[in-house]
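Worksheet: the structure to be examined is printed underneath.
For ligands, and for the atoms within them, numbers begin at 1 and follow the listed sequence. For clarity, every value in this text was computed on a predicted model and none was experimentally measured. Values below: all heavy atoms of this structure, side chains included; hydrogens, waters and symmetry mates excluded.
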Amino acid sequence: MLIKRRPSWSLPESEVTPRSVYLNRRKFMTGAIASAAALAAPGLLRAGDSPTTTPLTFREAPEYLTDEKKTPFDAVAKYNNFYEFGTGKGDPAKYAHEMSVDPWSVEVDGECARPGRYALEDLLKPHDYEERIYRLRCVEAWSMVIPWVGVPLATVLSRLEPNSRAKYVYFETLHDPKQMRGQRSLFSTIDWPYREGLRMDEAMNELSFLAIGLYGETLPNQNGAPIRLVVPWKYGFKSIKSIVRIRFLEEQPKTTWELLAPSEYGFYANVNPEVDHPRWSQKRERRLPSGVLRPNWMETRMFNGYKEQVAHLYKGMDLAKFY
Ligand SMILES: Nc1nc2c(c(=O)[nH]1)N[C@H]1C(S)=C(S)[C@@H](COP(=O)(O)O)O[C@H]1N2
Ligand SMILES: [Mo]
């Protein structure tokens, strides 16, 4: 029997969690056969669940919900981009369990008053978790609707007290070829670690989110456990996974896909149906799950539908130049 230990930063599940207990688990809980051992590991019994997730306590953030249909858990956790574990969509789900995510710490440095190495629980402790349902639009023209659990990026960054020279924030993913087989691959063209960044005002925007969970439980490793960025108005590659470094910078940092193919991927990477990728159109997207025979195509919206929240950040900028 697999006994799961809750990571110290996943708060104990409370009796009062409103509507946050997902249907499957509720069914199981009222199913009368709940043994004490099973209750200690509730995630184990959810069909299709990842064996490493545990329940989180959170509140819903009503301003960030949507009535769009959520992408089923199975698609969210089995169709991934996480090149540290391979380039195939199924590779992360197959191999990401080889990464150990507890304990986890994040190194904070650069232009701020509180640099240092933070245990993940200390970075998260003073904050309440909330659920937000966001669209995720990959530059490859597929998209999902995902219920994330986490904290606004702005609240975490503010506590680190960036100074007036901090114009950008930069993130790095874990670099550990022993745990990440994609980093051992001789075919990899990426200069590890995976790097991303945001302009400070983008980072402080209300939508920018640090996710520690999805569908009410801690993140499956393949989705970027234990902590990943979610910036829903930008192409998915900006939403960096498994973060181990946060650095405040005066200059714009170089980011992974920009370094790899600067004519195809820019620093801003805002979802924009008017600016095509050099090799394909960005006007439409396939909302997953999408059948081969009946692909679920839909129009892509400016800023992925988040114009109201973010358009002001780019006033006066030529978005074809700053793609
Ligand atoms: N470290 C790291 N972060 C990453 C990636 C990656 O390969 N490595 N892929 C990105 C891309 S291209 C997308 S579309 C999203 C996918 O997130 P998901 O697998 O949780 O849907 O993660 C992004 N974050
Ligand atoms: Mo992507």
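The protein non-hydrogen atom at the shortest distance from atom 23 (C) of ligand 1 is Gly236 O, 3.3 Å. Nearest protein heavy-atom contact of atom 6 (C) of ligand 1 is Tyr194 CE1, 3.4 Å. If you check which protein heavy atom lies closest to atom 3 (N) of ligand 1, you get Lys241 N, 3.2 Å. For atom 7 (O) of ligand 1, the closest non-hydrogen atom of the protein is Tyr83 N, 2.8 Å.
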Checklist line | Worked verdict on Arg135 versus Arg301 for side-chain contact (heavy atoms from CB on, under 4.5 Å) | finding: CA-CA 11 Å; Arg135 293 176 286 279; Arg301 293 151 76 191; 3.6 Å; yes
Check: Between Trp148 and Leu219, does a side-chain contact (heavy atoms from CB on, under 4.5 Å) hold up when you go through it step by step?
Finding: CA-CA 9 Å; Trp148 302 105; Leu219 289 171; 3.9 Å; yes
Next item on the list: Tell me, with the steps shown, if Val139 and Glu264 meet side-chain contact (heavy atoms from CB on, under 4.5 Å).
Entry: CA-CA 10 Å; Val139 76; Glu264 302 191 10; over 6 Å; no
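Here His97 contributes atom NE2 and Asn221 contributes atom CG; the two are 9.0 Å apart, rounded to the nearest 0.5 Å.
Taking a 6.0 Å sphere around NZ of Lys254, one finds it holds 12 or fewer heavy atoms contributed by other residues, nucleotides or ligands.
Interface of Cys138 with ligand 1, defined as ligand atoms under 4.0 Å from a residue heavy atom, comprises 14 (S). Those atoms of ligand 1 with a heavy atom of Ser239 less than 4.0 angstrom away are 22 (O), 23 (C), 24 (N).
For Asn80, a nitrogen or oxygen atom sits less than 3.5 Å from a nitrogen or oxygen atom of ligand 1, counting backbone and side chain alike. Looking at Glu84 next to ligand 1, an N or O pair under 3.5 Å apart turns up. By the 3.5 Å distance cut-off applied to N or O atoms, Asn223 is counted among the residues near ligand 1. Looking at ligand 1, you won't find any N or O of Tyr79 less than 3.5 Å from one of its N or O atoms. In terms of N/O distances under 3.5 Å, ligand 1 is approached by Asn81.
A heavy-atom distance below 4.5 Å is not found between the side chains of Trp257 and Lys238. Residues Ser239 and Lys234 fail the side-chain proximity criterion, which asks for heavy atoms closer than 4.5 Å.
Residue-level proximity to ligand 1 for Phe82 is carried by backbone and side chain together, each with a heavy atom below 4.0 angstrom. Of all the heavy atoms of Leu136, the ones lying under 4.0 Å from any atom of ligand 1 belong exclusively to the side chain. Counting heavy atoms closer than 4.0 Å to ligand 1, residue Thr173 contributes side-chain atoms (C-beta onward) but none from N, CA, C or O.
Between the choices Arg195, Glu172, Gln222, Arg228, the shortest heavy-atom distance to atom 20 (O) of ligand 1 belongs to Arg228.
Formation of a donor-acceptor pair under 3.5 Å by the Arg247 side chain with backbone atoms of Tyr170 is not found in this model. Between the side chain of Thr218 and the backbone N or O of Thr54, at least one donor-acceptor pair lies under 3.5 Å.
A cation-pi arrangement is absent between Lys241 and Phe171 under the rule of less than 6.0 angstrom and at most 45 degrees off the ring axis.
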